[in-house]
Number of protein chains: 2
Amino acid sequence: MSMSTKPGERRRRPTIHDVARVAGVSRGTVSRVLNGGHYVSPAAADAVNSAIRKTGYVVNRHARSLITGRSGSVAFLLTEPQDKFFEDPNFNVLLRGCTEALAAHDIPLLLMLAGTPDEQRRIVRYVGSGHVDGVLLISSHAGSPVAEQLVRAGVPVVVCGTPQGTSERLAHVAADDRDGARTMVRHLLATGRRRIGIVTGPQDTPGGVERLAGYREVLAEAGLGYAPELVAAGDYSRDSGARATAELLARRPDLDALFVASDLMAQGALAALAEAGRRVPDDVAVGGFDDSAAAVAARPTLTTIRQPWDRISAEMVRLLMARIEGQDTSAVILPTELVRRDSA
Amino acid sequence: MSMSTKPGERRRRPTIHDVARVAGVSRGTVSRVLNGGHYVSPAAADAVNSAIRKTGYVVNRHARSLITGRSGSVAFLLTEPQDKFFEDPNFNVLLRGCTEALAAHDIPLLLMLAGTPDEQRRIVRYVGSGHVDGVLLISSHAGSPVAEQLVRAGVPVVVCGTPQGTSERLAHVAADDRDGARTMVRHLLATGRRRIGIVTGPQDTPGGVERLAGYREVLAEAGLGYAPELVAAGDYSRDSGARATAELLARRPDLDALFVASDLMAQGALAALAEAGRRVPDDVAVGGFDDSAAAVAARPTLTTIRQPWDRISAEMVRLLMARIEGQDTSAVILPTELVRRDSA
DNA sequence: CTGAAAGCGCTTACAG
DNA sequence: CTGAAAGCGCTTACAG
């Protein structure tokens with residue numbers, strides 16, 4: 001169909017020069033049409049557009065990026081094992097939200113997975129050499145060195161969740177974990193519960209630490225004190241929620257409520273409670289966290305704390321775009337909300 | 001720490017020119033060190049390497065790509081709604097396999113999601129303008145126009161699964177679906193079953209069509225003929241497997257075996273059979289397809305057809321690399337294998 | 001509104 | 001082994 005393109009020989013793609021020749025204008029004029037058509041006569045614009053169609057011209061982004069210093073794309077970077085995220089319904093919502101927010105800027109999102117140190121090296125090098133304009137960094141664990149490496153390389157970065165330790169100055173967007181936890185525990189107290197256990201997230205994640213802190217604050221405030229045997233840790237997976245709950249029941253069979261630091265773990269908790277013959281919420285009230293798809297799918301449906309994922313993703317993109325433009329934006333903390341369903 | 005970098009003013013990154021100056025060599029020599037160090041004296045190489053460290057130099061990939069015509073990255077492109085894939089354990093395995101196979105070439109994988117026509121346009125434009133060297137295209141549905149658009153734009157593409165219709169000439173890698181189906185149905189026959197139903201995949205997907213075809217072939221070969229009321233369609237989701245199975249049971253309560261065209265749907269089928277009070281495999285034998293994590297997680301564990309995902313991903317990457325090098329590679333069909341567990 | 005020209009940061013024959 | 005030079009395909013002041 002095309003003239004003598006042997007297999008193995010890539011057809012030379014038309015350049016701006018070919019378009020200019022066909023249109024009978026200079027390359028500068030073609031470029032002006034390509035970049036918004038300002039300062040171009042209608043006649044010239046028409047000629048160029050039809051020449052573009054005739055030649056099948058597509059801009060060479062490497063050349064453009066070399067000059068503008070922009071790639072026109074943004075990375076959504078996961079620095080943890082992929083399975084964990086794909087299992088988590090929050091992740092889906094966040095990914096979709098960011099994709100949509102970027103689409104409004106006509107910017108494609110590139111999802112990058114860097115679960116192993118080896119992959120992290122590769123990705124940091126790739127990103128650091130300019131192939132994206134910025135990074136939306138998703139990592140449940142706080143101390144990841146990737147964020148700092150990227151920042152040091154001069155890449156605009158916005159983190160999802162509150163970074164801990166030295167990297168506190170990173171731009172980030174997060175829900176108010178501690179306040180959400182307080183709200184839930186107050187709700188459990190308000191329904192008359194007094195022996196309230198907690199299944200926490202990992203203690204090296206901000207959500208793990210903050211939600212536990214909120215729980216302790218409210219119990220102290222209610223004069224109930226802190227009982228270590230009412231605390232068990234999960235890793236945000238469904239199974240870990242079941243395991244931790246079984247543990248708590250063994251230690252404190254008189255448990256009358258459970259605050260579980262994620263909906264997915266709460267699903268596991270419900271399974272463990274059913275296995276142990278406890279009725280929810282009659283015997284044990286259960287409160288989750290996230291208001292993810294898992295909360296609605298659970299039986300009974302979960303009373304939970306809503307994280308505003310749509311706003312989180314929108315704010316992440318807004319902050320990142322601002323950083324890319326060179327503004328020195330910092331952090332956004334968003335409020336949570338109690339969602340009452342059947343479990344508490 | 002660095003000299004007068006006001007916020008909003010990006011620090012000028014060191015170029016090859018800076019490195020050359022510090023090292024006291026020409027830019028050509030720096031470039032040679034960067035590209036493998038051939039034809040460079042040890043002394044010059046040392047000087048360059050230490051100058052790179054001193055300046056914090058990182059190659060500008062746009063400039064490099066402009067010359068080499070290569071971006072050094074590959075896209076893993078999904079042209080369907082993301083949830084569907086993330087729910088599917090096969091997807092995880094395929095993604096990991098491709099990531100690893102590319103890592104051996106030191107090439108980062110860029111995951112791109114293009115579920116909506118709008119996103120597809122954006123991604124096709126982005127990819128077509130040269131930002132990746134090739135595309136691994138994942139789509140359960142056959143007729144996606146994305147593949148042809150990419151090929152027309154001159155982008156090397158390898159498809160997972162057998163493309164249907166006009167795009168048959170696309171390079172692709174697939175398991176032998178039809179033969180796998182034949183193997184499973186023969187196995188069910190060998191265990192004495194005679195009223196064998198099937199839950200198919202969507203009939204606009206190659207797996208949906210081919211696995212049904214294999215089922216029909218073996219039944220014909222066994223002289224059992226084809227009973228339309230033994231056939232129900234699912235969409236590869238767990239729920240659809242449950243629904244289709246309930247339907248079949250209503251139509252043919254005397255069913256004694258079920259071939260379900262994916263493990264995930266087979267999990268749904270098991271749930272529906274349990275609900276209907278049927279014992280598996282005593283009353284109804286169940287055969288799945290994929291040998292995914294779902295097969296081992298199911299109760300009873302699933303007898304299934306193993307798709308060699310590790311080989312599929314390895315072959316996809318191999319074909320794509322060959323295409324990128326300009327070779328005119330075509331298709332690879334890989335054999336499947338019966339895996340016996342408890343359900344049949 | 002338009003063209004000629006400089007230049008983005010690299011790689012790669014080409015001479016030596 | 002090394003340097004000077006051309007050139008990849010674009011954008012963008014600069015004159016007109």
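Letters go in sequence order (proteins before strands), and every chain restarts at 1. These numbers come from the heavy atoms of this one structure, side chains and all, not from hydrogens, waters or symmetry mates.
- Here the separation of D/dT12 from D/dG16, taken at their C1' atoms, is 16 Å to the nearest Å.
- In this entry the distance linking CZ of B/R64 with C1' of D/dG9 reads 18 Å, nearest Å.
- Looking only at side-chain heavy atoms (C-beta outward), A/D18 and A/R13 stay at 4.5 Å or farther from each other.
- Taking atom CD1 on A/I16 and atom P on C/dT2, their separation rounds to 15 Å, with Å as the unit.
- Here C/dC10 presents its C1' atom at 13 Å from CG of B/D18, a figure rounded to the nearest Å.
- Listed candidates were D/dG3, C/dT2, D/dT11. Nearest to the side chain of A/T68 is D/dT11.
- Pairing partner, C/dG3: D/dC14, with both Watson-Crick or wobble hydrogen-bond distances short of 3.5 Å.
- Residue B/H62 contributes atom NE2, which lies 14 Å from atom C1' of D/dT11 at whole-angstrom precision.
- Of the candidates D/dA13, C/dT11, D/dA4, the closest approach to any side-chain atom of B/N35 belongs to C/dT11.
- Remark: B/S65 is not in phosphate contact with C/dC10, judged by side-chain N or O atoms under 4.0 Å from OP1 or OP2.
- Atoms OH (B/Y39) and C1' (C/dA13) sit 12 Å apart, rounded to a whole Å.
- With hydrogens and angles ignored, the 3.5 Å screen pairs a side-chain donor or acceptor of B/T99 with a backbone N or O of B/L95.
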Check nucleotides 5-8 of chain C for protein N or O atoms closer than 3.5 Å to its own N or O atoms and list the pairs.
none

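- OP1 or OP2 of D/dT11 has at least one side-chain nitrogen or oxygen of A/S31 nearer than 4.0 Å.
- Between the NE2 atom of B/H17 and the P atom of D/dG3 there is a distance of 13 Å, given to the nearest Å.
- The closest donor-acceptor contact from the side chain of B/D46 to the backbone of B/A43 lies at 3.5 Å or more, if one exists at all.
- Residues A/A174 and A/T162 approach most closely at CB-OG1, 3.5 Å, considering heavy atoms.
- Between B/H62 and A/H62, the ring-plane angle classifies as tilted under the 30° and 60° cut-offs.
- Inter-residue side-chain proximity for B/L77 and B/V127 is flagged as unmet; no heavy-atom pair is nearer than 4.5 Å.
- Atom pair A/D46:CG and C/dC1:C1' shows a separation of 15 Å (rounding to whole Å applied).
- One N or O donor and one acceptor, one from the side chain of B/R32 and one from the base of D/dG3, sit under 3.5 Å apart.
- Residue B/R70 contributes atom CZ, which lies 15 Å from atom P of D/dG9 at whole-angstrom precision.
- Residues A/P156 and A/L320 have side chains in contact (heavy-atom distance under 4.5 Å, counting atoms from C-beta outward).
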